[in-house]
Protein chains: 2
Amino acid sequence: MSRAVRDDLPHLDKAGRPTLATVAALAGVHPSTASRALSASVPAGVRVGSTGTVARIRAVAQEVGFARNLQAAGLRTQRTSLAGVLVPRLTDLVLATIYEGIDEQGRRHGYQTFVTNTNDDEAERAAKLEMLLARQVDGIVLGDARVDHDEVIDRLEARKVPFVLVSRRSQHHPSVTCDDRAGGRLAAQHLLDLGHRRVAVVAGEPFASTAVDRLQGFSDVFREAGHPLDPDLVVPSRFDVEGGRRACQQILRTPGDAPTGIFAVNDFAAIGTLGTLRAAGVAVGQDMAVIGYNDIPLASDLPLPLSSVRSPLHEMGRTAMEVLVAGIGGAEMSSTTLEPTLSARESTLGARAPGDSH
Amino acid sequence: MSRAVRDDLPHLDKAGRPTLATVAALAGVHPSTASRALSASVPAGVRVGSTGTVARIRAVAQEVGFARNLQAAGLRTQRTSLAGVLVPRLTDLVLATIYEGIDEQGRRHGYQTFVTNTNDDEAERAAKLEMLLARQVDGIVLGDARVDHDEVIDRLEARKVPFVLVSRRSQHHPSVTCDDRAGGRLAAQHLLDLGHRRVAVVAGEPFASTAVDRLQGFSDVFREAGHPLDPDLVVPSRFDVEGGRRACQQILRTPGDAPTGIFAVNDFAAIGTLGTLRAAGVAVGQDMAVIGYNDIPLASDLPLPLSSVRSPLHEMGRTAMEVLVAGIGGAEMSSTTLEPTLSARESTLGARAPGDSH
DNA sequence: GCATTGTGCCCAATCGTTTGTGCCAATCGA
DNA sequence: TCGATTGGCACAAACGATTGGGCACAATGC
């Protein structure tokens, strides 16, 4: 373990930490030599220094606990090995999971990730983006794109910073998403197969392609089957528990025949829906089928296991970072779509499938 | 809106972005003058420039879309306005919520936060810490401290970087925590009051003070009441759903009288517990009481609302950042403890309290 | 009208690294 | 033994911003 930073070293920085000059002086070489000796990659055909010197310099660096000042290095090299990540909220497990995939893959390529919340707020998005750019990130993963026109994307293009969208698509821009339309279709077909004809949708935010596409796919299937959705039963919502709760309350207040099934475009909204139904005395799985989206880890462990459409969140994050790294390297970036699958459980099947687990 | 970065500007950086020199040249002043004109704070008694010049410089900066290179600025000023945050995992809603508090309060003081996962792994913690230090963060919030000896804390002290612990305490180091011992006592007293005498604990990770202290408080109350815990019914666990599931399986396998109540030191572990109990055909709320910890937002909306001890997560994060900022400013840092409260619901009360909501 | 004060800016050094270039000495072939 | 080569390192110039010091000029006081 590097140890005991001595206080009498030469060329310490103002915080008292050893610099490259410290190491160089102690090893009796020039800072430039120290820099080369400590740079990880063997610089191909370049002058690399004798093995003895390199070893000596590395030993000294180790001993004084030298840590390269990445700010200074980045200033010189114009690369930070930093990827910016913009997400709506990290308290949303879906985004947190995607982020983990991004970070994991980034690390494989030597990138660190700088993630920040935007709360889906336009002003905040712009401000956070500027912050990331000011910190000279090498590229950006955008997890909060708007489906139609997106000012943040415009800026990104103007600045010529490599970027990729994840989770949500926007127009033609390179993105890594799950096939949300197909996922919506899966949910719809499942409910149709179970005999439901009049269903409601907790539809999420209209500016998010995830919500829009899932609803679209869902709606298509019911229309094609001759049972088009009742527009009054399609209510927008936030993506969290509270959003689902409110949307479900509105659904229950809607006049006309009550639906027999509810599709929530997000598992947390589905849980809020379950809460509201329970408070209203509706027996989920019997009187009402509920299906969510994303298949978060706790869906199968709920007191009433939740049916859901599984999207490969972690993989989505990994893939997005892979695309970004390629883009930073100068490659052309293209979009990727991953496939969702259905996890049917008791919230739609009723109490007849106790053996479901994962 | 700053617009249309023209391509024919002088002194662009290598990525084609305008620099301070660009702005200065266009405004017909020296870069130093531009720097002063663009620095936010009015430097007390220092020469500040004529209002006309300042306005002109600012206009130019706006027009060419100048964004200060924070790397270069940080190199010169030795301040990054960056606070590092180390957490076990952001997919843990508890930590994600604390992080949001940290970030929110940081922003108030002009800090950005650089958060990263450590997965509670020692090697990863050390590596991530070095990374943050290499990026010259001004201070660090540590969300994954070990209760006993913590090597990361040692390093932090050696480097003389201001830091504060959050959520988990460790020895005498300044920390902002919830009174976990008191929280454990609340849970215990609640179960005792309901008549439970033989109870099990899904105890969390032994290196986390949160788990240790909650268990300690819980255990104390039962011992004081003359019903000491059966050590076989206290099983360590991870803090997630899967961890709770496994721990509960072990509890169910334990020979001897079955317990009538289970305390999980974390809500996700509690949900895993619910899942396992359900699969085993145990009726929670009737045959078995379950109480969790943290009172996450979905606890009240579960198909069977979960009793829990609420800890003020967001506030904990805010407070921690407040302490850190003071510490960076040179103030002495001291520990703060926040108070938990009980949220009793049907997972312990049975089906007789349908009116509970939040 | 002259000395004094103050205002508005520029100059140049500096933060800690990286990297193209060039010098010196050792090594090699003949 | 001599010239050509090359290995090993030092030099110095960046990167883009900040900041103490100082210069020129205008305003002020007497």
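Here is how names work: the chains are called A, B, and so on, in the same order as the sequence lines, proteins then strands, and each is numbered from 1. Since this is a predicted model, take the numbers as computed values, not measurements.
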Roughly, in whole Å, what's the span from CG in B:Leu70 to P in D:dT18? 9 Å
Is there, by distance only and without an angle test, a donor paired with an acceptor across the side chain of B:Arg36 and the base of D:dG20 below 3.5 Å? yes
B:Thr53 vs C:dC9: side-chain N/O to OP1/OP2 distance below 4.0 Å: yes
Taken to the nearest whole Å, NE2/A:His30 to C1'/D:dG7 is 18 Å
Angle between ring planes, A:Phe114 versus B:Phe114, binned at 30° and 60°: parallel, tilted or perpendicular? parallel
Filtered N/O pairs between nucleotides 14-17 of chain C and protein, under 3.5 Å:
unit_1	atom_1	unit_2	atom_2	d
C:dT14	O2	B:Arg76	NH1	3.2
C:dC15	O3'	B:Gln78	NE2	2.9
C:dC15	O2	B:Arg76	N	3.3
C:dG16	N2	A:Ala72	O	3.3
C:dT17	OP1	A:Asn69	N	3.4
C:dT17	OP2	A:Leu20	N	2.5

Counting distance only, does the side-chain N/O of A:Thr113 pair as donor-acceptor with the main-chain N or O of A:Val115 below 3.5 Å? no
Would you give me the side-chain donor-acceptor pairs under 3.5 Å for residues 323-334 of chain A, sequence neighbours excluded?
none

Walk me through it: do A:Thr80 and A:Asp138 pass the test side chain to side chain donor-acceptor pair (under 3.5 Å)? CA-CA 6 Å; A:Thr80 50; A:Asp138 293 337; 3.3 Å; yes
Distance check, rounded to the nearest 0.5 Å: A:Glu151 atom CD versus A:Arg146 atom CZ? 11.0 Å
For a salt bridge (Lys or Arg N to Asp or Glu O under 4.0 Å) check, start with the C-alpha distance between B:Glu130 and B:Arg155, then their side-chain angles and the critical distance, and finish with the verdict. CA-CA 9 Å; B:Glu130 289 302 331; B:Arg155 291 196 193 209; 2.7 Å; yes
Atom pair distance, as rounded to whole Å: CZ in A:Arg135 and P in D:dA17: 14 Å
